[in-house]
Amino acid sequence: MNKASELILLKEKLNLGLNDFYNDEIRDVCLRILTLMINSNPDNKRRFKPIVLDSFKFLSEYQYVKKDFKECLCYLDKIKSLDLYKKETDSNINHVNIRYFQCESMIAIYNENLEKIKRIEEGLLKFAPNTILTSVLKDDYNKVLDMIKSYLNNSIRTRVNFVLPYKINISKEEEIIYEYNDIIFTLKFKNIVNSTNNNIPFKAVQGVLELEYDKYGVSSKSEIVITFNKFFDATHKMDDLLEFCLKAFNYFLNFYRQVTKLYWIDNLILSNVYSSSNVVVESENYNIIEIPFYYGRVLKSSRLPKFMTKEKINELSEKLKIKEDIALWNILYDDAKNYMLMEKYREALLSINSAFENYLNIKSREILSKKMTLEQVEDYLAGTLDYDNYQLRDYITQENFKKAIEDDILKPYSPSTFQIIKKCIDVGNMNINKRQVNKLVIAIRRNRNDVIHGNIVSIKNIKLQVSNSVD
């Protein structure tokens, strides 16, 4: 098949789907037309000029609905470069110009390019008075101008709504407003109650089942609307937007727990976002972006649960025979893993460090007692001063040494964690060297002081840092 014949067939396909801007097949048709036209003879180039223009038009709209505004601009520039464009109707030319404004505006806002945004506003104001627009184009023009003005007035808002996995005891008439990371957030709640007992997978043998601590939203939950005064690129950065909203909500939740004493409410994580949800980015008078999304959360129950294996039952039985409480460090370690699951990274870091300190306290006594008396172990860990082992005894008499202690000039000095570990390695003849242990300790204790003193901002990736500590 020669080029002319193929171009005729492609033209027919293009005409059938000329306004189907979500159709990848028509996009491929357009790209094929443009490829064939590159090396076509002069007769074909002259004959098929109109389908080149149509191809550029389709591709510009295809990229626009895909929110690839840079690619859309490229095709709009190609449209303007064609001789046929000058013969287009006023309506078509206006459409191209307004589409150009729309793409430039979105790119400038994404890049927070204030000077570019101001120039676009000037261009829009100069463009409108001298141009007669159809009702559709007038609406598009008003939307982009309103978006630009709203951005410059700092009145663009991003609104996210979804269903929480539990109930927040705030009525729908109330509005919670607070500042987080220099952004003003507004929270609105609406209570959702399961209307029939059939929705609650629990039965009351006598009387009425009352779920005062409905941790998993079995009887009721809340729908939340989070609004903040900032443009957010929900189109390309949905996960970042949701993570940002979750952090802002959990900030609120920390104070909510304190005031209500509902300490059992967990931090919200992405996998807890319940049911169909949506995001709207809005200017003062129009919706700029509106995207539905869905994160499913299923509360699953079964009449045939997965039971423990016989091996695990035997292991449990053996542990119960010991008749001793589980070591505190073990409980704290489990707490750290649970906090990680709930994305409470500060609490996880503090728990793992507490677990480590408790473990070191127990294990060091166990190891050192192999070569030292219990009294010597306690004196060493307490940092009790002993003249015979004092490192400066060649420079001080025993009498002056005792007097310095009595006068509180020389004080007990407890050994550091690393000194205790070195002592344990020396005494215990362990199969791990000092460098390996110190590396583990540094991983556990990294950022501990920052968290204790509330200096979270200095931790670049707290999730990764805490994960390394706990693991």
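Just so you know, these numbers use all the heavy atoms, side chains as well, and skip hydrogens, waters and symmetry mates.
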Verify the neighbour count for atom OH of Tyr359: are there more than 12 heavy atoms of other residues, nucleotides or ligands below 6.0 Å? no
Considering only heavy atoms from C-beta outward, does the side chain of Asn358 approach that of Asn330 to under 4.5 Å? no
N-O pairing of Lys337 and Asp334 below 4.0 Å: yes
Stepwise, does the side chain to side chain donor-acceptor pair (under 3.5 Å) test hold for Glu284 with Ser155? CA-CA 6 Å; Glu284 292 180 6; Ser155 56; 2.7 Å; yes
Sidechain N-carboxylate O distance under 4.0 Å for Asp28, Arg32: no
is_close_aromatic(Tyr110, Phe231), centroid dist under 6.0 Å: yes
Residues which pass ring-ring contact (aromatic ring centres under 6.0 Å, His included) with Phe228, listed by chain and number, not counting sequence neighbours: Phe185, Phe244
Contact between Asn169 and Tyr256 at the side-chain level, heavy atoms closer than 4.5 Å - yes or no? yes
Using 4.0 Å as the upper bound for N to carboxylate O, is an ion pair formed by Lys363 and Glu366? yes
Could you tell me which non-hydrogen atom of Ala355 sits nearest to which non-hydrogen atom of Tyr333, and how far apart they are? CB-N, 3.8 Å
In terms of heavy-atom contacts, Thr235 and Lys67 come closest through CG2-CG, 3.2 Å
Are more than 12 heavy atoms from other residues, nucleotides or ligands located less than 6.0 Å from atom CG of Leu392? yes
Would you confirm whether the ring centroid of Phe249 sits within less than 6.0 angstrom of the ring centroid of Phe252? yes
Starting from the C-alpha separation in whole Å, work towards a yes-or-no answer on salt bridge (charged side-chain N to carboxylate O under 4.0 Å, His left out) for Lys403 and Glu406. CA-CA 5 Å; Lys403 189 173 188 314; Glu406 291 171 359; over 6 Å; no
Determine whether more than 12 heavy atoms belonging to other residues, nucleotides or ligands lie under 6.0 Å from atom OH of Tyr22. no
Verify the distance criterion only: is there a donor paired with an acceptor across the side chains of Asp68 and Tyr62 at less than 3.5 Å? no
Partner set under side chain to side chain contact (heavy atoms under 4.5 Å, CB included) for Val225, not counting sequence neighbours: Arg159, Asn161, Lys188, Thr227
